[in-house]
Chemist: 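I'd like to ask some things about the structure below.
We number each residue from 1, following the sequence as shown.
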Amino acid sequence: MSKRLWLSLLTAVVLTCSSFVGFGQEQPADPNALVGHTDPVYSVDFTPDGSQIVTGSFDKTVKLWDTATRKLLRTFTGHAHLVLTVAVSKDATRIASGSNDNTVKIWDLPSSTAKAGYEAHKPSANAVAVTPDGTLYATGGADKLVRIWTAADGKPVRDLAGHAGAVSQVDFRKDSKQLASADDLGIVLLWNPADGMPQGNFGAHTGAITGLAFHPNNALLLTSGADGMAKAWPLTIPAARPIAGHAGAITAVHVSPNGQLVASASADKTARLWTLADGKPVRNFDGHGGVVTSIAFSPNGAQVITGCDDKIARLFDVNSGALVKAFAALPAAISAAAVHPNGTQVVVGDVSGVVKVFNTSDGAELRSLAGHAGKISGATFTPNQAQIVTSGVDKTLRVWNVADGAAIRSTDTGAPVTSLTISADSTLAAVGGEDKLIRIYALADGAAKGTLTGHTQPVTAVQFANDNLKLASSSADQTVRVWDIKLARQMQHFVDHKAAATGVAFVNDNKTIVSGGADNQLVVNAVSLQRMHVADEKGVNMLALSQNGAQYATANVDGSIKTWDINSGNLVRTFAGLTAPALAVGFHPNNQQVAGGGSDKTLVLWNAGDGNVQLKYTVGSEVTKIAYSPDGKKLVAAANDMTIRTYNPTPTPPQQNVPPAPLDAVQTLKGSTGAISGLAFAPDNRTALSVAADGLLRLWSIAAPEFVFNLAGHQSHVYSVAFSPDGTRLASGSNDKTVKIWDVAAGKEQRALAAQGGPVYAVAFSPDGATLVTGGGDKTVRLFDVGSGAEIRQFAGSEGFVYSVAFHPQGQLIAAAGVDKKIRFWNATNAQPGQVFAGHTDDIYRVQFNPAGTRLLSVGYSGSINVWDINNPAKPLFSKKLPIILYSAGYFPDGRRIAVTASDGKTHLVDLPPEAL
């Protein structure tokens, strides 16, 4: 190393421990300086647009500044010793720094704006996902569409239509062979992303779906909802199977006890029998004089009873279709009818409130059950043969003794009852109501056992499954729903009817259901749900799945983050730390960390294994979305202020007697003009995608929180770094007398040049990137072929160590300066010496051409700044003397200002007068 340069470095280090030029004292604000380094600033460079400034300092840090506001944007830490040189790539994506720790480090240059934006949906885009290979994007929006995009060109490939509500979630299967989308109505649709063909659909939740994730092994799909549920689903969903034939609205449906036949009643005045397996008609039950209002198989499946608005109940033989008995007419249209379990009696009710029991053998009336006022909505025998149960629009559920017709109990249901069912074990009664609710009661004492909410119109039919665990319901809201009785929660719903769903029945497999509707159709469906549990009684806002597929996490309205076992659905752990509703959750790719954020405007990272808080960030706005990069090195969080912030999710072990560093965002991304509703990471670990209420899909470059590459190989201090114009290569000069050329993308050495006979203090690429000029401690300036590493020529004339070299913007001139206090020019193509500029009385540490190539900036160690006309060595156009030691300087890209680094820890910004431009 140059003795003089070493002394300057040593002096600077000594100064950092003193109060020289304000160190250790309160310094006045300087509008023309960047203040923040704690030691001398040794190097400076700019982003190509001049909006940001990069500085390197003896305090071992690299700092990024906003030019307009002079505010510090980010501090890069990682060097173990003085930072002597910095450079910014021409595409403004990377920073390089060299240090006394013998390393070169490459950092991502954080951008604050989107690198691309596409109009995705109108009026808003709500969801985004990326295929694991990064070739396709999917978005969903308020326009009820799912749109698939090619990542390579950002163009939409196809639109997938089928949702009836705004699309709120999308996710690709891990093999990219299936796409799932979910909407605010609780429906999930499955698609083949290759051709856009639908692969199935199911009603997953009551209300909006808030989470959607394929399992890593492609075995199942997880969903969460505003209803507080988390559910697991298979990836193959049986298609709904319609059965057509009726010419009018279906009024009732029932399935035979053996599960082979379906009976239906219709407004077309017919009652029909169908085979369940293939939906083919078997026969009609003829003779009705009006709308057939009810239908039911006898418990042994041999007979069917129908009710009709001609006031007559009829009993038919299933095998022949023959009329077995027409019972005496009731005062009004029949509305309910059922056969006793032993087949000896039938109970019939009408719309006037009359209930009668008849003998099946001779049709004789056995008794009348008085008490209801108004339409009878249900009349049936309990499976244990002990009781008759009836319900009506008079808001009552009544229980009667079969033997004598004595009233046992009347229960006030609170709303007009529209339908009735009894559990197979005779313990429960369920009634559907005009108030859209389903109420469950204990038959033994009439005690309320639960209320099922979810239908948005009056309930039209209910039926228990034979396993006593499930209940099916139909409604005027056109849906059919299946419920878990124990949890009192919806399992699944179906939306296949185009008009009111008017009847529903379970098949004896406890999985298949048949429904009828005012659209004249029967529809056969099957319950696909694998398992479910209540994650939060108040609601789940987001769901995330661990990379190993062993657990999933939910962000809950009660403010908790919870993890659950994938196989059992059992709670694994509750994470405390948020003080308001949790809105977002994410699993680190290594499965060892959980991140959560919410309405309390904080982002908390926990150890997934023990629940301890590892990091906590104050965000300043509600955290609404979270996404980890696939490599786990970055975490992005979207907030309610329409801003995306990136964070370092890696916990830093505490150091004794060293206070922890402030926890700040690595990067702040702005540009969305609407609330950010979807966030995802691309597999390149550098690109995040967001969608927002402004309808746009945006792509963002996400900077790494630490250095991207640590380029080790030099055996001594690194004095100079320079990017090639195309940004693919980096050159570094070192005290070890070598220059190294590095592959920037790979972070690997391409070749080493034994460049000088002494330390290499300066390197610079030619404008075309084909050659590299170096200056060093052997008093020479040399030119190398970058491709081969061969030396092309030497430029003679320097009388001392060369500290700085520069290429003219057009490549025809090379300038160099150093210890001999002179600036020398050479013809780059033939080494012909040019003019020599004298005037400095101190060592020259920096020379640089202005962007136009008409001026040259030179900076001297003792504080001198000169700007020269490159054609006039006589006198500088501009001179300025600062009372501090100067180390480096550079032109802003507009050529109108310069930045000068100094021993006072500041970077001074100097506006050039017109004559120096």
Chemist: Between Thr554 (side chain only) and Leu543 (backbone N and O only), is there a donor and an acceptor less than 3.5 Å apart?
Modeler: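 Checked: no pair found.
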Chemist: With sequence neighbours excluded, what pairs up with Ala488 under the side chain to side chain contact (heavy atoms under 4.5 Å, CB included) test?
Modeler: Leu452
Chemist: Would Ser377 and Thr418 count as having a side-chain donor-acceptor pair, cut-off 3.5 Å?
Modeler: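 There is no such pair between these side chains.
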Chemist: Report yes if the side chains of Arg573 and Lys562 come closer than 4.5 Å at any heavy-atom pair, otherwise no.
Modeler: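 Heavy-atom side-chain distance check fails, nothing below 4.5 Å.
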Chemist: Are any non-hydrogen side-chain atoms of Phe358 and Val348 less than 4.5 angstrom apart?
Modeler: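 With C-beta onward as the side chain, the pair touches.
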Chemist: Spell out, as yes or no, whether a donor-acceptor pair under 3.5 Å connects the side chain of Asp477 to the backbone of Thr456.
Modeler: yes
Chemist: What are the two closest non-hydrogen atoms of Val495 and His493, and how far apart are they?
Modeler: CG1-CD2, 3.9 Å
Chemist: Is there a donor in the side chain of Gln463 and an acceptor in the side chain of Thr421, or the other way round, less than 3.5 Å apart?
Modeler: no
Chemist: Are the side chains of His340 and Val402 in contact, using a 4.5 Å heavy-atom criterion?
Modeler: yes
Chemist: Looking just at side-chain N and O atoms, do Asp268 and His246 make a donor-acceptor pair shorter than 3.5 Å?
Modeler: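 Short answer, yes.
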Chemist: Using only atom types and a distance under 3.5 Å, with no angle test, would you say the side chain of Asp536 pairs donor to acceptor with the backbone of Gly228?
Modeler: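 Answer holds: no.
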Chemist: Are any of the side-chain heavy atoms of Thr396 and His372 separated by less than 4.5 Å?
Modeler: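 They are in contact (side-chain heavy atoms under 4.5 Å apart), so the answer is yes.
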Chemist: Say whether, by atom type as modelled, one donor and one acceptor occur between the side chain of Arg398 and the main chain of Ile388 under 3.5 angstrom.
Modeler: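 No; judged by distance alone, with no hydrogens or angles, the pair does not exist.
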Chemist: Quiz question: by atom type and distance under 3.5 Å, do the side chains of Asp496 and Asn525 form a donor-acceptor pair?
Modeler: yes
Chemist: Just so I know, are the side chains of Leu330 and Lys356 near enough to count as touching, which here means a heavy-atom distance under 4.5 Å?
Modeler: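 Yes, close enough: below the 4.5 Å cut-off.
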Chemist: What's the shortest heavy-atom distance between Asn359 and Phe327, and which atoms?
Modeler: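 Result for this residue pair: O-CE2, 3.7 Å.
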Chemist: Any donor-acceptor pair under 3.5 Å linking the side-chain atoms of Ser181 with those of Trp191?
Modeler: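 On atom types as modelled, these side chains qualify, holding a pair under 3.5 Å.
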Chemist: Looking at Asp317 and Ala322, would you say the former's side chain and the latter's main chain have a donor-acceptor pair under 3.5 Å?
Modeler: no
Chemist: Does a donor on one side chain sit under 3.5 Å from an acceptor on the other, for Arg314 and His288?
Modeler: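 There is no such pair between these side chains.
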Chemist: Return yes when atom NZ of Lys311 has more than 12 non-hydrogen atoms of other residues, nucleotides or ligands closer than 6.0 Å, and no otherwise.
Modeler: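 Not buried by this count: 12 neighbours or fewer within 6.0 Å.
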Chemist: Walk me through it: do Phe316 and Val324 pass the test side chain to side chain contact (heavy atoms under 4.5 Å, CB included)?
Modeler: CA-CA 5 Å; Phe316 295 90; Val324 175; 5.6 Å; no
Chemist: Within the distance-only criterion (no hydrogens, no angle test), does the side chain of Ser266 pair as donor or acceptor with the backbone N or O of Ala249 below 3.5 angstrom?
Modeler: yes
Chemist: Within the structure provided, determine whether Trp274 and Leu522 are in side-chain contact (heavy-atom separation under 4.5 Å).
Modeler: yes
Chemist: Check whether any side-chain heavy atom of Ile513 sits under 4.5 Å from a side-chain heavy atom of Val480, and report yes or no.
Modeler: yes
Chemist: Taking it one step at a time, do Trp233 and Gln492 satisfy side chain to side chain contact (heavy atoms under 4.5 Å, CB included)?
Modeler: CA-CA 10 Å; Trp233 307 87; Gln492 186 172 349; 3.4 Å; yes
Chemist: Any donor-acceptor pair under 3.5 Å linking the side chain of Thr390 with the backbone of Gly378?
Modeler: no
Chemist: Between Ser474 and Thr460, is any side-chain donor less than 3.5 angstrom from a side-chain acceptor?
Modeler: yes
Chemist: After noting the C-alpha distance and the side-chain angles of Gln521 and Ile243, does the key distance pass the side chain to side chain contact (heavy atoms under 4.5 Å, CB included) rule?
Modeler: CA-CA 6 Å; Gln521 285 201 117; Ile243 300 175; over 6 Å; no
Chemist: Counting distance only, does the side-chain N/O of Arg489 pair as donor-acceptor with the main-chain N or O of Asp227 below 3.5 Å?
Modeler: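 Yes: the side chain of Arg489 pairs with the backbone of Asp227.
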Chemist: With side chain to side chain contact (heavy atoms under 4.5 Å, CB included) as the test, would you mind laying out the steps for Cys308 and Ile334 before giving the verdict?
Modeler: CA-CA 5 Å; Cys308 183; Ile334 306 299; 5.6 Å; no
Chemist: Hey, mind stepping through Thr502 and Thr251 against side chain to side chain donor-acceptor pair (under 3.5 Å) and telling me if it holds?
Modeler: CA-CA 6 Å; Thr502 53; Thr251 57; over 6 Å; no
Chemist: Do Val318 and Leu261 come close enough that some side-chain heavy atom pair is under 4.5 Å?
Modeler: yes
Chemist: Set out, in order, the CA-CA distance, both residues' side-chain angles and the distance that settles salt bridge (charged side-chain N to carboxylate O under 4.0 Å, His left out) for Asp435 and Arg439, then state yes or no.
Modeler: CA-CA 11 Å; Asp435 61 356; Arg439 294 174 173 85; 2.6 Å; yes
Chemist: With distance as the sole test, does Ser426 use its side chain to make a donor-acceptor pair with the main-chain N or O of Thr382 at under 3.5 Å?
Modeler: no
Chemist: Shortest non-hydrogen contact from Gly371 to Asp394?
Modeler: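 That closest heavy-atom pairing would be O-OD2, 4.2 Å.
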Chemist: Could you tell me how the ring of Tyr552 sits relative to the ring of Trp564: parallel (under 30°), tilted (30 to 60°) or perpendicular (over 60°)?
Modeler: parallel
Chemist: Would you say Arg241's side chain and Leu276's backbone share a donor-acceptor pair under 3.5 angstrom?
Modeler: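 Between the backbone of Leu276 and the side chain of Arg241 there is a qualifying donor-acceptor contact (under 3.5 Å).
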